[in-house]
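One structure is given here, and the rest of the page talks about it.
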Amino acid sequence: MPNIQFQFVRNLLKGASSDYQLSGCAFAPSNIALCKYWGKRDTVLNLPVNSSLSISLGDRGTETEVRCARQDRFRLNGRPLEKHGQFAVRLRRFLDLFRENIGTPGFEIRTLSNIPTAAGMASSASGFAALVLALDRLAGWNLTGQKLSMLARLGSGSAARSIHSGLVQWHAGTQDDGTDSFAERLPTTWNDLRVGILELSASPKPVGSREGMNRTVQTSPLYVGWSRQAAIDLEQMRTAIAEKDFERLGSTAEQNALAMHGAMLAAWPPLLYFQPGTVAQIHRVQTLRADGLPLYLTIDAGPNVTLLFTAQHEAAVQEAFPDVQPIHPFGRS
Ligand code: PMV
């Protein structure tokens with residue numbers, strides 16, 4: 001079955017240039033989905049049921065350096081990655097797709113991440129995107145953004161979006177061969193947009209997104225309704241972005257995320273990613289909003305809450321949440 005992945009990569013790299021370097025180094029931002037990706041129509045090629053839309057987190061993400069080596073050696077934040085750990089196994093399998101093309105038995109990878117890993121903060125997204133960008137530099141393929149996005153997608157779906165900065169849409173595509181499922185940056189620059197990370201937990205989530213998605217698709221009676229609504233949400237968000245209508249963007253994003261968690265809860269066995277602290281933060285955001293603060297939230301497959309607001313209200317948000325880490329997705333002006 002994974003042969004399908006090998007074939008996909010081979011076709012994608014056909015005709016690419018090659019200009020080997022000693023090492024390839026690249027940064028990719030983490031991203032937070034405003035319209036979520038939840039559910040695969042093809043689990044091998046990582047093709048999503050619905051299109052999704054995200055905001056990349058500026059300078060928060062992963063920096064990766066890759067070199068050819070006799071055998072694989074991975075270092076994450078200065079420490080060797082446990083050889084038989086889940087992440088190392090996943091990484092080795094992903095790299096298997098490129099060994100023949102690059103002509104090396106192994107890769108030495110050093111990666112630095114400034115976001116918590118595997119706690120629903122999209123660290124695998126920036127990790128696989130940075131790795132694909134670094135491989136592109138190492139081999140000198142000089143691939144287009146579309147192709148880089150499709151390669152990153154094989155590592156982790158949301159990584160397809162982390163290839164780009166700013167506001168990004170991942171087109172689900174309709175073809176079975178996966179060649180029309182890639183992410184693209186939207187043309188809007190929205191300097192006033194702010195994202196606030198509230199870190200409740202940096203521990204790995206109990207059920208990974210792959211297993212969680214499959215369980216939701218297969219057992220949740222609410223899944224079909226959620227995915228239909230997600231297509232409508234995405235159009236609403238695109239309009240809100242084009243018009244810089246923050247309230248419309250924030251409210252649609254919050255509803256999209258909570259509806260996704262509703263569908264997860266209705267799965268069997270139920271998927272409950274919230275912790276008591278998550279629920280407390282949801283109440284807090286709702287109370288502040290009722291008091292007039294234009295503040296919205298989104299939550300991935302984990303306990304951490306991400307706030308959405310604008311520059312105008314950054315001070316008020318920091319006062320209400322002293323632990324918040326405000327992020328300027330379009331850089332500091
Ligand atoms: O890319 P994955 O397989 O880790 O799935 C990401 C799923 C969510 O973070 C919950 C939603 C999204 O679109 O990023």
Side-chain angles (χ1 to χ4, degrees), residues 28-57 60-62 86-87 90-91 93-94 113 115-132 149-164 167-172 181-183 195 197 204-217 220 223 226-227 229-231 233-234 237 252-265 267 271-274 278 297-306 308:
S30 180
N31 77 76
I32 292 288
L34 302 174
C35 183
K36 306 290 183 194
Y37 146 57
W38 196 252
K40 298 175 201 278
R41 66 184 161 89
D42 182 313
T43 52
V44 177
L45 288 173
N46 254 357
L47 302 177
V49 171
N50 59 291
S51 296
S52 56
L53 193 152
S54 61
I55 175 95
S56 285
L57 299 186
R60 291 294 222 118
T62 305
Q86 223 179 340
F87 196 62
R90 196 166 152 200
L91 202 53
R93 277 204 198 123
F94 182 71
S113 172
I115 32 160
T117 31
M121 295 309 298
S123 54
S124 64
S126 61
F128 281 108
L131 179 55
V132 164
S149 173
M150 288 194 278
L151 288 181
R153 190 193 78 211
L154 297 178
S156 153
S158 53
R161 299 185 309 242
S162 269
I163 290 291
H164 306 287
L167 289 151
V168 178
Q169 180 172 344
W170 174 13
H171 305 280
S181 183
F182 52 82
V195 173
I197 294 180
K205 46 197 167 191
V207 181
S209 53
R210 173 170 284 263
E211 145 88 30
M213 279 183 206
N214 293 342
R215 194 188 297 174
T216 312
V217 173
S220 173
Y223 180 73
W226 177 80
S227 66
Q229 183 59 38
D233 291 347
L234 192 136
M237 288 184 202
T252 313
E254 182 167 324
Q255 196 176 8
N256 179 275
L258 293 178
M260 175 184 77
H261 282 275
M264 291 162 160
L265 263 177
L271 287 160
L272 174 57
Y273 287 104
F274 293 177
T278 318
L297 61 83
T298 183
I299 308 171
D300 276 344
N304 293 325
V305 172
T306 301
L308 305 168

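Indexing begins at 1, ligand by ligand and atom by atom, following the structure's order. Bear in mind that the values here come from a model prediction, so they are computed numbers and not experimental data.
Under a 4.0 Å criterion applied to the non-hydrogen atoms of Ala33, ligand 1 contributes the atoms 12 (C), 13 (O), 14 (O). Counting the atoms of ligand 1 from 1 in the order shown, those under 4.0 Å from a heavy atom of Gly157 are 1 (O).
Taking Ala230 as the reference, Cys35, Asn50, Trp226, Asn256 meet the side chain to side chain contact (heavy atoms under 4.5 Å, CB included) condition, with sequence neighbours excluded.
For ligand 1, one of its N or O atoms has an N or O atom of Tyr37 under 3.5 Å away. The distance criterion of under 3.5 Å between nitrogen or oxygen atoms is not met by Ser52 with respect to ligand 1. For ligand 1, none of its N or O atoms has an N or O atom of Lys36 under 3.5 Å away. Checking only distances, Ser156 does come within under 3.5 Å of ligand 1, N or O to N or O. Where the criterion is an N or O separation shorter than 3.5 Å, residue side chain and backbone included, Arg161 meets it with respect to ligand 1.
Between Phe274 and His261, the ring-plane angle classifies as tilted under the 30° and 60° cut-offs.
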Where do Trp170 and Tyr37 land on the ring pair (Phe, Tyr, Trp, His ring centres under 6.0 Å) test, with the steps shown first? CA-CA 9 Å; Trp170 174 13; Tyr37 146 57; 4.7 Å; yes
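Nearest-residue assignment for atom 3 (O) of ligand 1 (options Gly212, Ser209, Gly208, Ala301; heavy-atom criterion): Ser209.
Side-chain contact, Ser54 with Arg161: a donor N or O sits under 3.5 Å from an acceptor N or O. Side-chain N/O atoms of Ser162 and Asn31 include a donor and acceptor closer than 3.5 Å.
If you look at Arg210 next to ligand 1, there are no close heavy atoms at all, none under 4.0 Å.
Remark: Ser181 OG to Arg153 CZ distance equals 4.5 Å, nearest 0.5 Å. Taking OG1 of Thr306 as the reference point, atom CG of Leu297 lies at 8.5 Å (rounded to 0.5 Å).
The shortest heavy-atom distance from Ala125 to ligand 1 is not under 4.0 Å.
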